[in-house]
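Step one of this worksheet: look at the structure below.
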Amino acid sequence: MVIRRIIIFFIPYHHIGGAERVHLEIIKALKHKPIVFFDRTDGSVLSDEFRKHAYCFFATNNKRKAYVEKGLKLISYFVPLTLFGCNSLFFYQVIQNIKKNIKTIDLTHAFSYTDEGIEILSLPYVHLLDHRVVINTKTLLDYKALYEKQGMESHFLKRFSIIPNGIPIGMFNQQDVVSRFHCFTIGFVGRNSVEKRPELFFDIVKDLKHQVKVIGNRFENFKKSHPNVSFLENCNAPKTIQNAFSEISVLIVSSSREGFPLVIMEAMALGIPVISTNVGSIHEHLINGINGFISEDNSEKGFLNFTQDKILQLSNNLELYSKLAHNARVYAESHFALDTFKKEYNTLFYA
């Protein structure tokens, strides 16, 4: 009798942000339902997608975490385990206490560039990790520089794999492009956080006459000062988010730091041009004047001027807008499909 390996995920949150959607796609790609421990969320609004595809538990206090550690340590004597963590310090605490019969994998979306970033906090546990996954070459090079700075042995770099993110790519109707042009709407999709620079987005659109839509969470402080902006906040319904997203004419990514945002992939798959700062690996996919626009000046003033100019170009030129929209969709079809993503994660987990 062959004992099947149990796969266990450690992730902080279940709300449907970019990272969480990637985690969910990894889970959905697996042959068997994994166990998922959320360690920084209470589960009060757990999405149906997570419930359907994983056995979900909440290790949100020290007592629960102690039970999880003891339970997994005991189970590992009888059943092989694969432990996967992303942005979870609890994951690293667990793997240091299980000495046998486990395979360990972590995923880094992008460096945080703070002393509290997971790339720094994970350093004491590098020798316990069998595989480290990054989503692009930029993050791998960041790790290489970090390892060299820390004086770590070079053979640890051989444990890295690059697995680009993938997304579901649905049907596409060219008429949607024309409709978006004639009802031109400038969009921001993401959370209200320092690195996303939403205040810069609001500065960009305040003097423009177009409609504005924001999809994300924690934007309460912007609502009173921007009454003409349409907000969709704290929504965990994928179809509702997709419908709202599909009404955007151009997506603005004003971030000061990113890996490669899932929202750019999703926008391009919908045939929505993107105007972005040049951070992370965005430059590997976004090509100026071909499938979007990318600014070489990431300063607030520089990006504001660049973006306002490109918005006016797009909103006044249907031929240009249609060309970028078409090219974005074609690029997404050839680069972001889930097939390769699923195959590589299955190989990683089951080989």
**Request:** Take the angle between the ring planes of Y143 and F111 and call it parallel below 30°, perpendicular above 60°, tilted in between.
**Result:** perpendicular

**Message:** Please tell me whether H285 and F336 form a close aromatic pair, meaning their ring centres lie under 6.0 Å apart.
**Reply:** yes

**Item:** No-hydrogen, no-angle side-chain donor-acceptor test under 3.5 Å, E233 and N217
**Value:** no

**Request:** Indicate whether any N or O donor in one side chain lies under 3.5 Å from an N or O acceptor in the other, for R5 and T82.
**Result:** yes

**Asked** For H335, what residues pass the ring pair (Phe, Tyr, Trp, His ring centres under 6.0 Å) criterion, not counting sequence neighbours?
**Response** Y331

**Asked** Without hydrogens or angle criteria, can the side chains of E119 and S112 be said to hold a donor-acceptor pair below 3.5 Å?
**Response** yes

**Item:** For Q150, side-chain contact (heavy atoms from CB on, under 4.5 Å) partners two or more places apart
**Value:** L123, L146, M152

**Message:** Quick check against the 3.5 Å criterion: does K323 have a side-chain atom that pairs as donor or acceptor with the backbone of G289?
**Reply:** yes

**Asked** Should the ring pair Y350 and H32 be called parallel, tilted or perpendicular, given that the plane angle runs from 0 to 90° and is split at 30 and 60?
**Response** perpendicular

**Request:** Determine whether the side chains of Y13 and N87 contain a donor N or O and an acceptor N or O closer than 3.5 Å.
**Result:** no

**Asked** Given the side-chain rings of F50 and F57, with only the six-membered ring counted for Trp, is the space between their centroids under 6.0 Å?
**Response** no

**Asked** Is it true that R132 and D106 make a salt bridge, defined as a side-chain N closer than 4.0 Å to a carboxylate O?
**Response** yes

**Message:** Check for me whether the distance between the ring centres of H23 and H53 falls short of 6.0 Å.
**Reply:** no

**Prompt:** Judged by modelled atom types alone, do D130 and T104 share a side-chain donor-acceptor pair under 3.5 Å?
**Reply:** yes

**Asked** Do K100 and Y77 meet the cation-pi criteria used here (NZ or CZ under 6.0 Å from the six-membered ring centre, within 45° of the axis)?
**Response** no

**Asked** Do D39 and S88 meet the criterion of a side-chain donor-acceptor pair at a distance under 3.5 Å?
**Response** yes

**Prompt:** If you measure from the Lys or Arg side-chain nitrogens to the Asp or Glu carboxylate oxygens, is any gap between E258 and K196 under 4.0 Å?
**Reply:** yes

**Message:** Within 45 degrees of the ring normal and closer than 6.0 Å to the centroid, is that where the cationic atom of K213 sits relative to F188?
**Reply:** no

**Prompt:** Without hydrogens or angle criteria, can the side chains of D297 and S295 be said to hold a donor-acceptor pair below 3.5 Å?
**Reply:** no

**S315 side chain to H210 side chain, donor-acceptor N/O pair below 3.5 angstrom** = yes

**Over all atoms of both residues, closest heavy-atom pair of L81 and S76** = CD1-CB, 3.9 Å

**Message:** Can you confirm if the aromatic rings of F222 and F231 lie within a centre distance of less than 6.0 Å?
**Reply:** no

**Prompt:** Of the options Y345, F90, F37, F349, which is the one that meets F9 in a ring pair (Phe, Tyr, Trp, His ring centres under 6.0 Å)?
**Reply:** F349

**Item:** Nearest-0.5 Å distance, CG of residue L338 to NZ of residue K28
**Value:** 8.0 Å

